[in-house]
Amino acid sequence: MSDGFFVADIPLTVELGSTVVVDGAEAHHMSVRRIRLGEVVTLTNGEGRGVTGVVNELGKDHAEVVVADILIDTHRTPRVTIVQALPKKDRTDQAIDLMTEVGVEGIIPWQASRSIVKWEGDKAETNRARWQKIARESSKQARRLSFPTIGPLMQTAEVVDLITASSCTLIMHEKALTPIAFTTPHPPGQCLIIIGPEGGLTHEEVEAFELAGGVTCSMGPTVLRTSTAGAVACVLAHNQCFLNHAMESR
């Protein structure tokens, strides 16, 4: 048995016994991983659909897998989108990797007032593409059928508009007194979480976000780095929703 996990286009008409083709870099990756004919692998389209199957053809840039099972993603609740203030360059990979591993649905880069890093001109799309690549590779490592989306860079005014349109926004702030457990959406649904930069949120940002409908809350007595705060907040929100559901089911 293989633990291989790869990306491929999966037709809507896929069925048991049909063949899914893996081309290009992913097929080459299968070869590098020393996948052999007859081994079982998992394929995903990164959009919530996947299959497991047996490799029956394998070359350097082409492979074929016979479908043995069809997989559909079961999303965790709440479905969390993180508005992530741009972290320092050496912290970016860790931030995206951790958020992807714990199951965020989307990540939106935000040019906060105190962000040291600046995305200007063509750099914005170049860096967004890099974030997408990190999220894709982290998703494969975490065996996710749905890869998180990376939104376009937002300025603070755009984040305010996003909060206004959201039914639930949690603003992570080290000076907040209300624990995140008391503000987790119930019943669970979509949840927007705001993560500030290394220097923290400004008073003006917090005020604007709260006026738009956001709720300021705390993750505990310690101050987390911006590169870990998003993942921790996501886990806490997921766990609290699980506990709420368990209590209601008793």
Side-chain angles (χ1 to χ4, degrees), residues 78-100 102 104-121 123-124 127-128 131 148-186 188-241:
R79 299 176 71 166
V80 173
T81 295
I82 303 287
V83 175
Q84 174 67 58
L86 300 181
K88 293 178 182 178
K89 188 174 182 180
D90 61 341
R91 298 284 180 181
T92 299
D93 290 24
Q94 181 185 36
I96 299 169
D97 183 60
L98 290 176
M99 287 188 286
T100 300
V102 299
V104 300
E105 183 176 78
I107 304 171
I108 298 173
W110 166 41
Q111 189 75 65
S113 295
R114 292 175 176 164
S115 292
I116 296 173
V117 173
K118 306 293 182 184
W119 287 7
E120 298 172 340
K123 187 182 293 186
N127 283 313
R128 181 187 179 190
W131 282 32
T149 58
I150 306 296
L153 176 69
M154 286 193 175
Q155 305 298 324
T156 298
E158 294 170 300
V159 176
V160 169
D161 290 341
L162 197 64
I163 295 171
T164 301
S166 174
S167 60
C168 172
T169 298
L170 309 181
I171 309 162
M172 300 298 106
H173 198 297
E174 67 271 16
K175 293 183 180 179
L177 300 178
T178 305
I180 189 174
F182 293 174
T183 53
T184 299
H186 186 68
Q190 296 284 348
C191 181
L192 191 67
I193 296 180
I194 311 295
I195 302 296
E198 282 86 352
L201 298 167
T202 66
H203 172 74
E204 292 76 16
E205 288 167 342
V206 174
E207 184 177 50
F209 294 163
E210 288 181 332
L211 285 173
V215 178
T216 306
C217 52
S218 167
M219 288 184 282
T222 59
V223 178
L224 302 182
R225 293 184 184 274
T226 190
S227 54
T228 56
V232 173
C234 181
V235 169
L236 290 173
H238 282 156
N239 286 351
Q240 190 57 43
C241 276

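Residue numbers count from 1 along this sequence. Below, all heavy atoms of this structure are taken into account, side chains as well, without hydrogens, waters or symmetry copies.
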Can you find a pair of side-chain heavy atoms, one from [X] and one from [Y], that are under 4.5 Å apart?
{"X": "Pro109", "Y": "Gln84", "answer": "no"}
{"X": "Thr178", "Y": "Val215", "answer": "no"}
{"X": "Gln190", "Y": "Ser166", "answer": "no"}

Between [X] and [Y], what is the shortest heavy-atom contact and its length?
{"X": "Gly230", "Y": "Ile82", "value": "O-CD1, 3.7 Å"}
{"X": "Leu201", "Y": "Met172", "value": "CD1-O, 3.6 Å"}
{"X": "Leu98", "Y": "Ser227", "value": "CD1-O, 3.9 Å"}
{"X": "Val104", "Y": "Cys234", "value": "CG1-SG, 3.7 Å"}
{"X": "Pro87", "Y": "Trp131", "value": "CD-CZ2, 4.0 Å"}
{"X": "Ala85", "Y": "Gly196", "value": "CB-C, 3.4 Å"}

Short side-chain to backbone donor-acceptor contact, [X] and [Y], under 3.5 Å:
{"X": "Gln111", "Y": "Val117", "answer": "yes"}
{"X": "Glu205", "Y": "Thr156", "answer": "no"}
{"X": "His173", "Y": "Ser218", "answer": "no"}

Counting only heavy atoms not in Lys175, do more than 12 sit closer than 6.0 Å to its NZ atom?
no

If you measure from [atom1] on [X] to [atom2] on [Y], what distance do you get to the nearest 0.5 Å?
{"X": "Leu224", "Y": "Met219", "atom1": "CG", "atom2": "CE", "value": "4.5 Å"}
{"X": "Arg225", "Y": "Ile195", "atom1": "CZ", "atom2": "CD1", "value": "15.0 Å"}
{"X": "Ile180", "Y": "Asn239", "atom1": "CD1", "atom2": "CG", "value": "10.0 Å"}
{"X": "Ile150", "Y": "Ile107", "atom1": "CD1", "atom2": "CD1", "value": "4.0 Å"}

Kindly indicate, with the supporting measurements, whether the criterion side-chain contact (heavy atoms from CB on, under 4.5 Å) is fulfilled by Leu86 and Leu153.
CA-CA 9 Å; Leu86 300 181; Leu153 176 69; 4.2 Å; yes

So, [X] and [Y]: side-chain donor and acceptor under 3.5 Å apart, yes or no?
{"X": "Glu210", "Y": "Thr216", "answer": "yes"}
{"X": "Ser113", "Y": "Glu204", "answer": "no"}
{"X": "Thr228", "Y": "Gln94", "answer": "no"}

Can you pull out every salt bridge (Lys or Arg N to Asp or Glu O under 4.0 Å) where at least one residue sits in residues 78-99? Sequence neighbours excluded, please.
Arg79-Glu105, Asp93-Arg130

Given side-chain contact (heavy atoms from CB on, under 4.5 Å), test Met154 with Val83 step by step and report yes or no.
CA-CA 9 Å; Met154 286 193 175; Val83 175; 6.0 Å; no

Audit row: Thr169, Phe209, side-chain contact (heavy atoms from CB on, under 4.5 Å) steps and yes/no
CA-CA 9 Å; Thr169 298; Phe209 294 163; over 6 Å; no

